[in-house]
Amino acid sequence: MQEIIMKECWIMVMMILLLKESWCSDGCLENERIALLQIKSHFNSSSSSFFMSALDITADCCNWKRVDCNATTGHVVQLSLDGVRSTEGDYWYLNASLFLPFQQLNSLSLLGNNIAGCIKNEGFERLSALGNLEVLNLGDNSFHKSILSSLSGLSSLKYLYLYGNRLKGIINIEEFNHLISLKDLSLSDNAIEGFISSNGNEELKLSNLEYLSLSSNHVNISLLSPLTRLPSLKYLDLEYNQLEGPFNFKELGKSKLVTLNLSGNNITKFVDSREIRASNNISELYLDDITITKGSKLLESLVAFSHLKSLSLESCKFEGAILNQGLPHLKDLEDLKLDFSIINDNFLQKVEVMSSLKKLSLHGCSGLNDTKFLNQGVCKLKQLQELDISSNYIIGNLPSCLANMTFLQSLDLSSNNFVGNISLSPLTDLTNLEHLDLSHNLFQIPISLGLFFNHSKFKHFKSQGNNEIYGEKTEQNLTPMFQLETLYIDSYACIEAFPKFLYYQHNLRVASLQSLKLRGRFPYWLLQNNTKLEELYLNNNSLSGPLQLPLHSHLNLSFLDISDNLFHGIIPPDIGTHLSRLELVDLSKNDFNGSIPSFRNMSLLQILDLSNNDISGSLPSDFSCSHMIEVHLSRNQLQGSLEDAFFDCLQLVVLDLSHNNMTGSIPSWFERFYQLAYMILGHNNIEGEIPIQLCNLTQLSLIDLSHNNLSGHIPPCLRSTSNFARLSDHEKIEFTTKRNIYSYQPSMLYYFSGIDLSCNKLIGQIPIQIGNLNEIHVLNLSHNNLNGKIPASFSNLSQIESLDLSHNNLQGNIPSQLTELDFLEVFNVSCNNLSGRTPEKVKQFATFDESSYRDNHLLCGWPLQKDCDPPSISRSSNDAEESNCFIDMEDFYVSFGVAYVMVLLTIAGVLFINPYWRQVWFYFVEVSIDKCYYFLIDNLGKFKLF
């Protein structure tokens, strides 16, 4: 019996091992990895991170950028090769057979690569062997309609995107006939005129096609009749096709369309018949961006859409037209969108006849400045469930007629100028409300939200911006009937205590209580009571004490922002265990001390901000940073080296360690951060040279290495370019420009780049290659030991706004070409050894004063006090004076030598001619020699005593 049991156990173990082998993958397959490298070579991409950084070429290709693999088999299932080849070069031809090794490929995107076609016999027909290929995106390339025949064999395709190519003229719909699985076809942004069919009225095999986009073409409505033979077509997009005049349903009337988009055309009316009207199933119609004049029949002709439920008239111009001209006949209409349209006061005067209407959106309209339109008819829509009148700058109190709209579930009043205390408003009667947005008005709102205590369906409340939030003297001790899911109360106020209704909430997903000057301790009870809480924002308050975590781990919290408070003490060491699902942690602008805790359990962490605290110690080496994008640790007391930190943070975009006490050198392995855009390491004690490997960081936008002890030369290949990397909306980056420190919002950083290497010990000449950074806005190389000339190539810095080269040892002239820098606001070359004239007083250089040039003793010209040419009045006398005092040293040496030789020759001649003088001369020489001899004999003994 034991033997049987043992055998069964062994069999189970073997089965588990076999299943493990089949369930788990050790990485991508070798043949597919090789194929990826061949694709990279074929695309000839200039991107250094096409699939991987240079250091990861031998790594598991399933972890490469643009590649997704099946977690079980390890096969590549998705390739996203969007924009990997520059669109600025010539058109090129693709070898589609390179994708054949990926037998399990499900999705392939070649968007935006300037492909004009395929190599002969290597076209997309080769991909018919890929039986799992369902998604093919060839958008924004340069394919002609000849490409269609090569796609006919891809019978597994469900989604085909050919938008933004060069498809022209009339297309035979039967080119797609073999794509029997196709559901979604996009042909927008081409020059297509229509479709023909060679098989008469026979039903097409595209029996699954549901979505067809032909927007931004040159479609002729008379050439759309083949589309009626698409049995499953439900969505047709014809927007911006220059359609003009009446739109005849004869070509489309018998189709099974549900959604039709005719926006951006110039349609005057719809033409139909009773037969067509009976078969018209269109329930959703888009007529955005159309001008409707007073005499237009367009609104009246909408009666053709007898089953219409949703109508969009966004961004339209209603020039004298009245809404009730045709819309009242739409008895089933439930959703009407008029956002961003230009309407007059009378447009909505009889809207109440549209009794079926459930949703009305009037966001950002022009002409709605007061509440007149509400009183005219909108308030009479008693069945209305959703009303959006945001961003209209409406002035005044809420009209009392809103109390009649008792079926309202969603009301958006944001971005207007409404006034009054909402406790005295008709909002108290809207007991079916679920969603209410009062942001950016002038309301007075009680923090207790007591007026909504009887609103049992209330789930979403939002008040941000200029509203006045106030606390009541005696807050009600009632239990609210609502259970909120999202709560935003963000306004500058002085509330002090958390509102009591929060203690009764258990379904919160988002809680934002910002800028209310709340006092007290961290509300750990809010986390304990709301286990579904995903986002908590308590920034810019006056909360204090230690950061107290909930008793049990919270598995849903993703965003925690308690910045700009008065918290102190250490950051709890077990924060990574209790809040392991965090993606954003912002504890900045507090008074936390101690060391940085371990975040290794936070495997999803993307943004970490501990800046502006009193945190000390070294950087931990166990950051769990496989998803880390931003690290903000500036203005602390951190020390130690960078050598062991962030090694695995390959996705880093922002690294800010400025204003600390960091030592050591910049590691050469920083080149692993192939997405790094903002490297802010200024105001530390970092030593050594700037590693040449930083030149491999092609995405760098801001580089701040200022106020360190860096030495050596400036790498000539250093980069700085505009970067559109997605950053957190509320995180800022500090950078010094134009002599001031600015905090830049992400929206500004997209258009800003700069390099600051000031206050170091850099030597050598300024590389002329720096002049090729034509997108750079700030360049600061001041307070170093740089020498040589200012490169003339700096005239190529066409976007430069601040250029500081002061306090160096630069020589030579200031290049005159710099006057072509049209955006230069700050220019400083003071405290160098420059010479010659200052640049001409033109353009931006006419605005610079003496401080830009001071302490260059050989520099002259405006605005310095030293003129390059002496005054013309005294020029002749000065010239004469200079000529009298002037000594040519070369002539002096020649004349002196000649005179010396002449003297010697004269003496020799006299002695030769006169015997008496010759005898006296030799006697004098003999006596002088004897005296010298006896002097040495007499004094030699004395010298020996020393």
Side-chain angles (χ1 to χ4, degrees), residues 53-56 571 585 588 594-600 605-715 718-720 731 733-735 755-762:
S53 66
L55 295 178
D56 294 331
I571 301 173
V585 177
S588 63
S595 59
I596 299 176
S598 172
F599 291 99
R600 62 175 175 269
L605 189 61
Q606 296 182 25
I607 300 169
L608 175 65
D609 191 346
L610 305 179
S611 61
N612 289 275
N613 280 286
D614 196 28
I615 300 171
S616 58
S618 58
L619 297 171
S621 58
D622 58 350
F623 269 107
S624 179
C625 58
S626 58
H627 293 89
M628 194 85 81
I629 297 174
E630 298 182 38
V631 175
H632 303 265
L633 299 174
S634 63
R635 297 187 184 278
N636 281 288
Q637 302 297 325
L638 295 171
Q639 54 195 13
S641 74
L642 297 166
E643 195 61 43
D644 298 323
F646 312 115
F647 186 77
D648 294 320
C649 305
L650 301 183
Q651 307 296 321
L652 267 184
V653 175
V654 178
L655 178 60
D656 188 351
L657 293 168
S658 60
H659 296 274
N660 279 287
N661 300 311
M662 304 303 300
T663 56
S665 60
I666 301 173
S668 58
W669 53 258
F670 265 33
E671 67 175 335
R672 292 168 58 87
F673 305 148
Y674 64 91
Q675 296 193 75
L676 191 64
Y678 307 99
M679 183 170 68
I680 315 296
L681 303 178
H683 294 268
N684 281 286
N685 297 309
I686 301 173
E687 301 173 334
E689 298 187 359
I690 300 174
I692 195 70
Q693 289 83 355
L694 295 187
C695 296
N696 293 325
L697 301 180
T698 59
Q699 305 300 313
L700 276 177
S701 180
L702 285 185
I703 305 172
D704 184 358
L705 304 177
S706 64
H707 295 270
N708 280 289
N709 295 312
L710 295 170
S711 56
H713 295 76
I714 299 174
L718 214 55
R719 302 168 184 256
S720 178
E731 295 292 341
I733 294 179
E734 285 187 356
F735 193 80
I755 296 176
D756 189 351
L757 304 179
S758 62
C759 300
N760 280 287
K761 300 175 181 178
L762 299 172

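No hydrogens, no waters, no symmetry mates; every other heavy atom, side chains included, goes into these values.
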Exercise for review: Any chance you could measure F670, atom CZ, to L681, atom CG, to the nearest 0.5 Å?
Suggested key: 6.0 Å

Point to revise | Nearest-0.5 Å distance that lies between atom CD1 in I680 and atom CG in L655 | key: 8.5 Å

Check your understanding: Looking at side-chain heavy atoms only, is the closest gap between N708 and E687 below 4.5 Å?
Key -> no

Review point. Rounded to the nearest 0.5 Å, how far apart are OH of Y678 and CD of Q699?
Key: 10.0 Å

Check your understanding: Are any non-hydrogen side-chain atoms of V585 and I607 less than 4.5 angstrom apart?
Key -> no

Check your understanding: Backbone N or O of N613 within a donor-acceptor pair of the R635 side chain at under 3.5 Å?
Key -> no

Check your understanding: For the atom pair CG (N760) and NE2 (H707), what is the distance rounded to the nearest 0.5 Å?
Key -> 8.5 Å

Review point. Within the distance-only criterion (no hydrogens, no angle test), does the side chain of D704 pair as donor or acceptor with the backbone N or O of S658 below 3.5 angstrom?
Key: no

Study note, to complete from the structure: To the nearest 0.5 Å, atom OG of S701 lies from atom CD1 of I733 at 8.5 Å

Exercise for review: Please assess L657 against F646 for the test side-chain contact (heavy atoms from CB on, under 4.5 Å), listing each intermediate value before the final yes or no.
Suggested key: CA-CA 12 Å; L657 293 168; F646 312 115; 4.1 Å; yes

Exercise for review: Start with the C-alpha gap between I703 and D756, add the side-chain angles, then the distance that decides, and say whether side-chain contact (heavy atoms from CB on, under 4.5 Å) holds.
Suggested key: CA-CA 6 Å; I703 305 172; D756 189 351; over 6 Å; no

Review point. Side chains of P667 and E643: closer than 4.5 Å at any heavy-atom pair?
Key: yes

Review point. N684 side chain to N660 main-chain N or O, any donor-acceptor pair under 3.5 Å?
Key: yes

Review point. Can you check whether H632 reaches V654 side chain to side chain, under 4.5 Å on heavy atoms?
Key: yes

Review point. For I690 and L705, what are the C-alpha separation, side-chain angles and deciding distance, and is it a side-chain contact (heavy atoms from CB on, under 4.5 Å)?
Key: CA-CA 9 Å; I690 300 174; L705 304 177; 4.1 Å; yes

Review point. What distance do L608 atom CG and L633 atom CG have between them, rounded to the nearest 0.5 Å?
Key: 5.5 Å

Practice item. May I ask you to test the I596-I615 pair for a side-chain heavy-atom distance under 4.5 Å? Key: yes

Check your understanding: Would you say the side-chain atoms of Q639 and N661 include a donor-acceptor pair closer than 3.5 Å?
Key -> no

Review point. Should the ring pair W669 and F647 be called parallel, tilted or perpendicular, given that the plane angle runs from 0 to 90° and is split at 30 and 60?
Key: perpendicular

Check your understanding: If you take all heavy atoms of S641 and G664, which pair is closest and at what distance?
Key -> CB-CA, 4.5 Å

Review point. Can you find a heavy atom in the side chain of S706 that is under 4.5 Å from one in the side chain of H683?
Key: yes

Practice item. Answer yes if the side chains of Q651 and Q675 hold a donor-acceptor pair under 3.5 Å, and no otherwise. Key: yes

Practice item. Taking the side chain as every heavy atom from C-beta outward, state whether L762 and L710 have any atom pair closer than 4.5 Å. Key: yes

Check your understanding: Heavy-atom distance under 4.5 Å between the side chains of L700 and S720, does that happen here?
Key -> no

Check your understanding: side-chain contact (heavy atoms from CB on, under 4.5 Å) between L652 and M628: does it pass, once the steps are laid out?
Key -> CA-CA 6 Å; L652 267 184; M628 194 85 81; 4.0 Å; yes

Exercise for review: Kindly give the heavy-atom pair with the smallest separation between P597 and P620, and that separation in Å.
Suggested key: O-CG, 4.4 Å

Point to revise | Non-hydrogen atoms of F673 and L697 that approach each other most closely | key: O-CD2, 3.0 Å

